[in-house]
Each structure stands twice: as C-alpha cells, then as structure tokens.
Amino acid sequence: MAEPGGGRPVTISDVQQLVRRKDEIEAQIKACYELLEGQKGVGMHEPLVDAEGFPRNDIDLYQVRTARHNIICLQNDHKALMKQVEEALHQLHAREKEKQARDEAEALAETMSQNQSLPQPFAKVNAVTPGSPASVSGLQVDDEIVEFGSVNANNFQNLQNIATVVQHSEGRPLSVTVIRGGRRVHVGLTPKRWAGKGLLG
C-alpha cells in the first residue's frame, strides 16, 4: 500500500486499510498481554530472576521475554500507524475542503458569466392577446425584452420609444430579443393591423 503523503492521493479505502491494520496490531498486543497474565501475572516490568538472582523456574522465561519484546515492537508500530491514520484523515479532509471550495468557485463563476452574457432587459411582457401579431411571433408573458428593433436598455426612455418603432415598422419584420428562463431568445415580430387593438397585441 502506498504511504500516505506518497505519490498518489489518499483514498477512503487507504484509511480503512490503515484502521484494519491498527485493529490487528491492537489484537496482537492484547494477546501478548494475556500471555504474560497467564505466566503468574508477570507484566512488562516484574523481575525474571528469584531472590538469589537465578532465573525464575515457575514461568516460561522464553515466552515472557518474547511477549515483552513483541509488545514493545507492536506498540511502536501502533504509534507509527496512528500517525499515518491521522495524516491520511487530514489529507482526506483537506481534499474534501478543497473540492468544496472549487465547486463553489465554479458555480459562482458560472453564475457570473451567465449574468455577464445576458444583456439588461428594459421591459417585461405582461400580456399577449391570442391571435395577435405578438402571439403569432411567439412572444410570451414574462419574456424580458432586451432589444426591440433599434431600442435597447441603453437608449430606452419610456414605452413611447417602442410605440414609435412599431409605427415606423408596420408590415416589416422587427428583430426582438428577449430573455426567457435565463436564456436569450430571438423573436421575429411583424407589427400589422389585426382584429384587435394596436399593431402588436
């Protein structure tokens, strides 16, 4: 397994593997301590010689020494492993944070670019009479008008501007641009007389 902090980024399964290894080491340490308990409760520090300085003959010295040695080694391994687990978790969290920040930045950039690419509307369609030239051209209620022939947000003063353009364009197609559902839509509109009021409806 690649060491955390090695070439490739740490994954969740790396951490799970480290945790499994930690559990194994803990189980081995426990087994060694149980073995020492079985030897007349000899722990890590009780003397292995009797009062006269001879090796004790009531315990298995070899087993006790091996168990003690193993415990020391395993505890060192355990310590090193815990450090690895900590580093790996730290890396995972840092990556998660980074990804979140990146996603937020991308979402923000996308919103900004959308807002920048959509021109400023100067009027909103609040009614379209069925059968009227406006209806036939595909204009819809709530469409936000950004261009109406030569009129746009920069030169629009009042609805009279639009009325003037309409009167001068009777029978001729006008280029109308609207924002509908956050997207720019072009509509070809020809002002003309119809059964209802006005040239648009």
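Using a 4.5 Å heavy-atom cutoff, the side chains of V15 and L92 are in contact. Proximity of V42 to L48: side-chain heavy atoms (C-beta onward) are separated by under 4.5 Å at one or more points. Residues E104 and Q100 meet the side-chain proximity criterion, which asks for heavy atoms closer than 4.5 Å. In this structure, the side chains of V165 and L174 come closer than 4.5 Å at one or more pairs of heavy atoms. Using a 4.5 Å heavy-atom threshold, the side chains of R102 and E98 count as touching. Using a 4.5 Å heavy-atom threshold, the side chains of M82 and K79 count as separate.
Taking a cutoff of 4.0 Å between a charged side-chain nitrogen and a carboxylate oxygen, K30 and E26 do not qualify as a salt bridge.
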Are R56 and D50 close enough, and set up right, to give a salt bridge (Lys or Arg N to Asp or Glu O under 4.0 Å), and what steps lead you there?
-> CA-CA 5 Å; R56 285 172 60 175; D50 58 23; over 6 Å; no
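Considering every non-hydrogen atom in both V128 and A134, the closest pair reads CG1-C, 4.1 Å.
One hydrophobic cluster holds both L89 and I12 under the rule that ILVMFWY side chains link at heavy-atom gaps under 4.5 Å.
Here the NZ atom belonging to K99 is positioned 9.0 Å from the CD atom belonging to E106, to the nearest 0.5 angstrom. For the atom pair CD1 of I71 and CG of L35, the computed distance is 8.5 Å after rounding to the nearest 0.5 Å.
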